[in-house]
Amino acid sequence: MPELVEVETVRRALEPVLHGARITAAAVMHPRTARRNERPDDVAERLVGRRVTAVDRHGKFLLCPLDEDLLWVIHLGMSGRVTVVSPESPVERHTRFRSATDRGDEIRLVDPRTFGFVAVFTPEEAKRSSLAKLGPDALTALPPTRLLARTLEGRRAPIKALLLDQRVLAGLGNIYADEVLHRAGIDPLRAGGDLDVADVERLRRSIRPVLEEGLRHGGTSLDDLAYLLPDGRAGEFLTRLRVYGREDQPCLRCGTPIIRRVVAGRSTYSCPSCQR
DNA sequence: AACGATCCCTGTTGGC
DNA sequence: TGCCAACAGGGATCGT
């Protein structure tokens, strides 16, 4: 599934393709994909003729600043995939968006479940959008322990739910939240406000290594339907997961069977012995 | 304000 | 074998 690691992998692949390129054509192929723009027609109209000045990321959002002070936003949702192909390349099933550059590349969003979207915002629109509510990026702007502890203070929601809340920290999704909590030795169901400073410190120190290990392996491809690298390869992190999807299998640290529970409406995997 | 539940989507899976 | 309900989940929205 596309979480921070997968989006960052896509960003790194897109940067040399898009940075400095001019968009020569754009088309939204499915109305739902443009739903985040107040005027859906703006997406294609605003893109054509613009130059991409940077390829950035905040949490799970891919952010491409354009000239004319516009911001091109791509979110992969849960089944979105960005492909870089030649314009003659056959259009894959579930292609929701296409754009061409003056360098002869075509950038497409293939997204069967249409949870992803493409938007082009003015600065004012960006400020009104959910982008403005995102917390600090979990990889590039991880807050110091005391600040993170302050954020969690008094919160009664399970720490797993808080890690999934993009306003608390931007980028973690269901897979990496479970992996981080296992590495930190924290029970996903504990209330955020119950964590003491030592817990928060372990939590904070677990985030970067888990994300960086994911990045080294090209992210997590659960199956060939969902996330793939832009060149079509599958990410290899699936085989390195310690808890996610491993119900009843032995904990790789202590051998206790991994359990599955539902937290915040999401499958949550943990070791009942290592995580307290 | 915080929190849990529900909904949006469609390909895949598992039970009968 | 075939059918269909259940499941997966990021984020918006709604009710409490």
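Note on naming: letters A, B, ... go to the chains in the order of the sequence lines (proteins, then strands), and numbering restarts at 1 for each one. Note that the structure is predicted; figures quoted are calculated from it, not measured. All values below were derived from every heavy atom in this structure, side-chain atoms included, with hydrogens, water molecules and symmetry-related copies excluded.
Listed nucleotides: dC8(B), dG4(B), dA8(C). Nearest to the side chain of S267(A): dA8(C). Between dG9(C), dC9(B), dG4(B), one nucleotide has an atom nearer to the side chain of R32(A) than all others, and that is dC9(B). Comparing dG10(C), dA8(C), dT10(B) by their nearest atom to the side chain of K60(A) picks out dG10(C). Comparing atom distances between the Q166(A) side chain and each of dA12(C), dG11(C), dG11(B) picks out dG11(C) as nearest. The listed nucleotides are dG10(C), dA8(C), dC3(B); the one nearest the side chain of R155(A) is dC3(B).
Residue contacts for F117(A): at a heavy-atom cut-off of 4.0 Å it reaches no nucleic acid atom on any strand shown. Using a 4.0 Å heavy-atom criterion, one finds that R35(A) contacts no nucleic acid atom at all. R36(A) comes within 4.0 angstrom of the backbone, heavy atoms only, and of no base.
Applying the 4.0 Å criterion to OP1 and OP2 of dT10(B), one finds that S79(A) has every side-chain N and O outside that range. Phosphate proximity of dT10(B) to R93(A): absent, as no side-chain N or O sits under 4.0 Å from OP1 or OP2. Using a 4.0 Å cut-off, no side-chain N or O of Y244(A) falls inside it from OP1 or OP2 of dA8(C). Regarding contacts with the backbone of dG11(B), a side-chain N or O of H94(A) is found under 4.0 angstrom from either OP1 or OP2.
Electrostatic pairing of R11(A) and E15(A) counts as a salt bridge here, judged by a charged N lying under 4.0 Å from a carboxylate O.
With hydrogens and angles left out, the side-chain atoms of R108(A) and T95(A) include no donor and acceptor closer than 3.5 Å.
Distance CD (E153(A)) to P (dA1(B)): 18 Å, rounded to an integer number of Å. dA6(C) atom C1' lies 13 Å from atom CZ of R113(A), rounded to whole Å. Put simply, CG on D165(A) is 17 Å from P on dG9(C), counting in whole angstrom units.
Side-chain contact between P143(A) and R150(A) is absent, with no heavy-atom pair separated by less than 4.5 Å.
Residue side chain F115(A) meets the stacking definition with respect to dG9(C): its ring centre sits within less than 5.5 angstrom of the base's six-membered ring centre, and the planes differ by less than 30 degrees.
Residue L70(A) is grouped with residue V28(A) when hydrophobic side chains (ILVMFWY) are merged at heavy-atom distances under 4.5 angstrom, including chains of intermediate members.
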Self-check item: Working for side chain to side chain contact (heavy atoms under 4.5 Å, CB included), residues L211(A) and E8(A)
Solution: CA-CA 10 Å; L211(A) 295 178; E8(A) 175 63 16; over 6 Å; no
